[in-house]
Protein chains: 2
Amino acid sequence: MADSRTPRSAEGLGSSSPAPAVTRAAAVLDALAEAPSGRLTLSDLSRELGIPKSSTSNLLLALEEARLITREGADFSLGRKLVELGAAYLSRLDEVQEFYKFCEQAPTLSGETVRIAMIDGDHIIYLARYEGHPAVRLTSNIGDKMPLSLSAVGKVLLAQLHDHDIEAMFPDDVELPVMTPKSLRSAAELKAQVAAIRKQGYALEDEESTLGVVCLAVPVPTHGAHGPSLGLSVTALKATFSEEQAALMVKELKELAHSLGNPMG
Amino acid sequence: MADSRTPRSAEGLGSSSPAPAVTRAAAVLDALAEAPSGRLTLSDLSRELGIPKSSTSNLLLALEEARLITREGADFSLGRKLVELGAAYLSRLDEVQEFYKFCEQAPTLSGETVRIAMIDGDHIIYLARYEGHPAVRLTSNIGDKMPLSLSAVGKVLLAQLHDHDIEAMFPDDVELPVMTPKSLRSAAELKAQVAAIRKQGYALEDEESTLGVVCLAVPVPTHGAHGPSLGLSVTALKATFSEEQAALMVKELKELAHSLGNPMG
DNA sequence: AACGCTTGTTCAATCCACTGAACAACCACC
DNA sequence: GGTGGTTGTTCAGTGGATTGAACAAGCGTT
């Protein structure tokens, strides 16, 4: 097992899919998305996914025909249709539209950088971003992922889960990702914060992912079973960050969260 | 043919795919993306795509497992993973990063709404948007599509194609989509504009998609065979639009286009 | 409540997509 | 130019995915 590269087999071992070709095609997309250069050859994919070359070739042909991937010489990369489909997903989230509207006319938030995110496996994924302040331009984009423990939204969404789910995702000996000296190191620290977040109703991230930058986040209450829970966050420079400004931002974030949670206000 | 709903069969008739399951899965995604509500049931999909229910069920199971779609009760809709994949595609386009940087420090453009787009089949698709001017917020989002004939970028990208390709896409009797009284109506008009665009090097859209709004666009020269050609556009309100401002914007757009076309400028 | 008319799930038989080995083309290195 | 390692493509046999009919469960009407 440990003797060479680790082929993350497309199929999760015994669990045979009801439509293997589809599962494998999805694995191809994942592999392309995660490849540092974004380009892989047929052999790369075949090797990495443990799929025979001839089958891989067929998959790629079908994926290319569907414009889900593009071929450039011998290299394959993700296709534009994925942008289209991603956009279609986002356009269906009424929350996103309302999010923009609210931010524009909120007294404090309208000048800040606000984002809306969602849990996606063991990460959060950013769904939309409002930028009132060209001064602080974030490097992160819509669709980007972040570990739960490294962001205010991540922590606030984590706090919404049941304790046993949290325990399953973060056993006591888990190694947390670290991006700055202030990043949380242990599951214990994380759980302590979760407890605090539940009490105060919002989360703070203090330079844990980027030095000089702080974040505040609140959860959007899930109205019924309408889908996975959303979170909102404001990002600010630590240098220009005051207690009273924070209080205002949390207040407005909570208003926004409330209006997103109760569609018909 | 005309007697009832038109099942747009998943397979393009005789053309059997090398991996039918994948092709059909892609058709499912398309159908979900195009469905007005974004939600379809198993039977809906089975009927619309002409796939037996049992097979459709298998496809959906596999797609759900891959998180490409989500089930909510009996309804299926697109999954978050698509946002992720779309973002992965965009993050690989170096042009997008440079696009933002340039816009921020361009004297005129930095205050305007600028977009970068690409041809995608018979439409254009917006890849990124810079908003210097919260005053004019566009309703269109990243990933949105627009007919070629209705946008400045569409026309400018069309002008880059060979005449016989244009002819194939727009035969003389084609019916063009119309969104405002000023939208182009005939292929002849469109072709005349294409000729003009080739001479002057930029395209103008004068309230053809939205009344009160004008657009200027330039092509990004394709450096080698590096992929499909990109286009840039500025959007402005017709009311506040002057000749000399237009000249400045075209000048800066061309600079940007040049630096995108020659990566190491 | 019994009736159509939906819906989604089950299952064994069949057909076709997948496979693996053999192929041809390529590149890099001596 | 040979040689070893690639690469991607071809093709016939076979095993498993696909299928359609039969099933069960839901809903609105009469």
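FYI, side chains are in, hydrogens and waters are out, and symmetry mates aren't considered; it's all heavy atoms of this structure.
Side chains of A/E98 and A/S259: a donor-acceptor N/O pair is present below 3.5 angstrom, by distance only. B/T23 and A/E65 are not linked by any side-chain donor-acceptor pair at a separation below 3.5 angstrom, with hydrogens and angles left out of the test.
Mapping A/A19 and A/S43 onto DNA chain D by nearest heavy atom places A/S43 closer to the 5' end of the strand. Each of A/A21 and A/L42 lies near DNA chain D, and the nucleotide nearest A/L42 is the one positioned closer to the 5' end.
When rounded to the nearest whole Å, the span between CG of B/L59 and P of D/dA17 equals 13 Å. For the pair B/L40 CG and C/dT7 C1', the interatomic distance rounds to 15 Å; values are reported in whole Å. Look at CG on A/D44: it is 12 Å from P on D/dT6, rounded to the nearest Å. In this entry the distance linking CZ of A/R71 with P of D/dT7 reads 14 Å, nearest Å. Atom pair B/K53:NZ and D/dA25:C1' shows a separation of 12 Å (rounding to whole Å applied). Taking atom CG of residue B/L61 and atom P of nucleotide D/dA17, one finds them 13 Å apart after rounding to whole Å. Across the protein-nucleic acid pair, B/E48 atom CD and C/dT7 atom P stand 13 Å apart, rounded to whole Å. Residue B/R47 contributes atom CZ, which lies 10 Å from atom C1' of C/dT6 at whole-angstrom precision.
A/L253 has its side chain within reach of A/V114: a pair of non-hydrogen atoms, C-beta onward, lies under 4.5 Å apart.
Checking the phosphate oxygens (OP1, OP2) of D/dT18, no side-chain nitrogen or oxygen of B/R24 falls inside 4.0 Å.
Of the candidates D/dT10, D/dG8, D/dG20, D/dG20 carries the atom nearest the B/P52 side chain, counting heavy atoms from C-beta on. Taking the side chain of B/S54 as heavy atoms from C-beta on, and the options D/dT7, D/dC11, C/dC11, the nearest nucleotide is C/dC11.
Remark: the B/S57 side chain and the C/dG8 base include no donor-acceptor N/O pair separated by less than 3.5 Å.
Relative to the six-membered ring of B/Y126, B/R115 meets both conditions, a distance below 6.0 Å and an angle of at most 45° to the axis.
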Quiz item: When you look at A/F99 and A/L232, which way does the side chain to side chain contact (heavy atoms under 4.5 Å, CB included) test go after all the steps?
Solution: CA-CA 9 Å; A/F99 164 78; A/L232 300 166; 4.0 Å; yes

